[in-house]
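To start, the structure under review is shown below, and the notes come after it.
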Amino acid sequence: MVNLVAGVVLAQKPLSTPIGTFGFPQPARVSTRKPNPDGKVFIVMYHHFREGSNAMFRSPSKFRQDLEHLYKMGFRPVTISEYVGNRMILAQGASPVVMTFDDGHPDQFTIRKDGTIDPKCAVGIWADFAKTHPDFPVKGTFYTLPVLWGQHNLIQKKIDMLKGWGSEIGNHTYNHRFLSRLNDDQVKAEIAKMNDLLVSYGVKPNMPFCPPYGEYPHNKSLVKSFTYKGKLYAHSSACMAWDSPAASPNDAKKFNRYKFERLHGNGREMGIDYWLDKVQKGKVQVYVAP
Ligand SMILES: [Zn+2]
């Protein structure tokens, strides 16, 4: 039951709609969890979106389920840049989730001949979900290779669409090699060539970086910045491929913007299902916006 006063909906339980700074009622908290700005952050890593048994696959129906589970549990999407910059804008009681997509596979983002997004690709599933859940927009981080989802004449359009929704594009190197097996000059070439390619599509140069296989080069400083052929390259963050949630950006001891954990977006042990179950049971304390 609500009272209507001059067009403003007032809930009968005033605690659920406190009056905000400017006198407008604020929405109810997204979750009942207590504020916890020092809690863990879920950074989920996805690759392929089709049936498959190993860690590289999430079926379209399971991905849709992930979105539903995350939403119901009060998670809302932010980007890697917002996470590492500690500028995650979240509703009260919401927990951040960073959805990351590696390798630029076509099943992440395909546009059909009629111009519509393939409803079975990751972006199609998420965009459809966002229609009925506008506070869970297609806002994630896409760590790409030159294939850039496989439809060459549509690369710019896709990058612009993703940016329009609030997503960002990151560098995943040019040839997806183990950086630990290369010398410094080879590592620089791998990173610089992909950075240049993305900049040619309008991505800002200081983009997020993700080393293939989560393997850092011997010279770890190369993931931050270096000079190659007389030009300075810098990246705003670098991430691992791992099996656990990441430290809060407020955790001065554990947080490192050039080395933070991601967990697998699939049903394997220590994947998203495992960790969401832990949250449900109160066994892992996640970041909760005040
Ligand atoms: Zn990869």
Side-chain angles (χ1 to χ4, degrees), residues 42-60 62-63 66 79-81 83-84 97-110 121-123 126 140-152 155 158-159 162 167-182 186-199 201 203 207-220 222-224 233 235-246 256-268 270-272:
F42 271 47
I43 304 176
V44 191
M45 162 180 49
Y46 290 102
H47 293 87
H48 278 294
F49 292 85
R50 49 188 155 89
E51 297 293 339
S53 54
N54 72 27
M56 307 302 277
F57 297 89
R58 194 61 158 167
S59 71
K62 284 280 188 191
F63 181 58
D66 291 346
T79 63
I80 287 291
S81 293
Y83 161 67
V84 299
V97 59
V98 193
M99 308 290 267
T100 68
F101 303 85
D102 289 14
D103 303 340
H105 294 302
D107 53 21
Q108 290 173 6
F109 195 0
T110 291
C121 73
V123 170
W126 193 353
T141 299
F142 292 75
Y143 291 117
T144 55
L145 301 169
V147 59
L148 284 158
W149 313 287
Q151 293 170 297
H152 190 75
I155 291 172
K158 288 179 187 177
I159 288 177
L162 289 171
S167 284
E168 66 180 353
I169 316 297
N171 181 348
H172 196 39
T173 73
Y174 205 78
N175 291 299
H176 207 268
R177 298 176 67 187
F178 282 97
L179 299 184
S180 58
R181 299 176 190 171
L182 307 180
Q186 291 169 317
V187 171
K188 289 179 184 180
E190 279 292 312
I191 300 175
K193 275 170 80 178
M194 191 61 200
N195 188 299
D196 285 342
L197 180 63
L198 289 175
V199 168
Y201 287 113
V203 177
M207 61 192 74
F209 175 66
C210 175
Y213 314 101
E215 282 266 325
Y216 281 61
H218 288 300
N219 181 355
K220 292 191 174 52
L222 297 182
V223 304
K224 298 182 189 174
Y233 291 86
H235 292 87
S236 50
S237 63
C239 64
M240 296 190 281
W242 207 251
D243 278 325
S244 65
N256 178 353
R257 66 157 59 215
Y258 288 104
K259 197 173 186 185
F260 52 85
E261 297 90 345
R262 295 186 296 161
L263 55 95
H264 281 276
N266 55 49
R268 78 175 198 169
M270 313 285 273
I272 186 171

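This structure is a prediction, so every number in the text was calculated from the model and none was measured. In each ligand, atom 1 is the first atom listed, and ligand 1 is the first ligand listed. We use all heavy atoms of the structure for the numbers below, so side chains are in, but hydrogens, waters and symmetry mates are not.
At a cut-off of 2.8 Å, H176 coordinates the Zn ion (ligand 1) through an N, O or S atom. Within the 2.8 Å limit, H172 places at least one N, O or S atom next to the Zn ion (ligand 1).
By the 4.0 Å N-to-carboxylate-O rule, R262 lies too far from D243 to be salt-bridged with it.
Listed for the N175 side chain is no donor-acceptor partner under 3.5 Å among the backbone atoms of R177.
For F101 and Y143, the ring centers sit 6.0 Å or farther from each other.
Checking D102, D107, D103 one by one against H48, the side chain to side chain donor-acceptor pair (under 3.5 Å) holds for a single residue, D107.
Taking the N/O/S atoms of D103 in turn, the shortest distance to the Zn ion (ligand 1) belongs to OD1.
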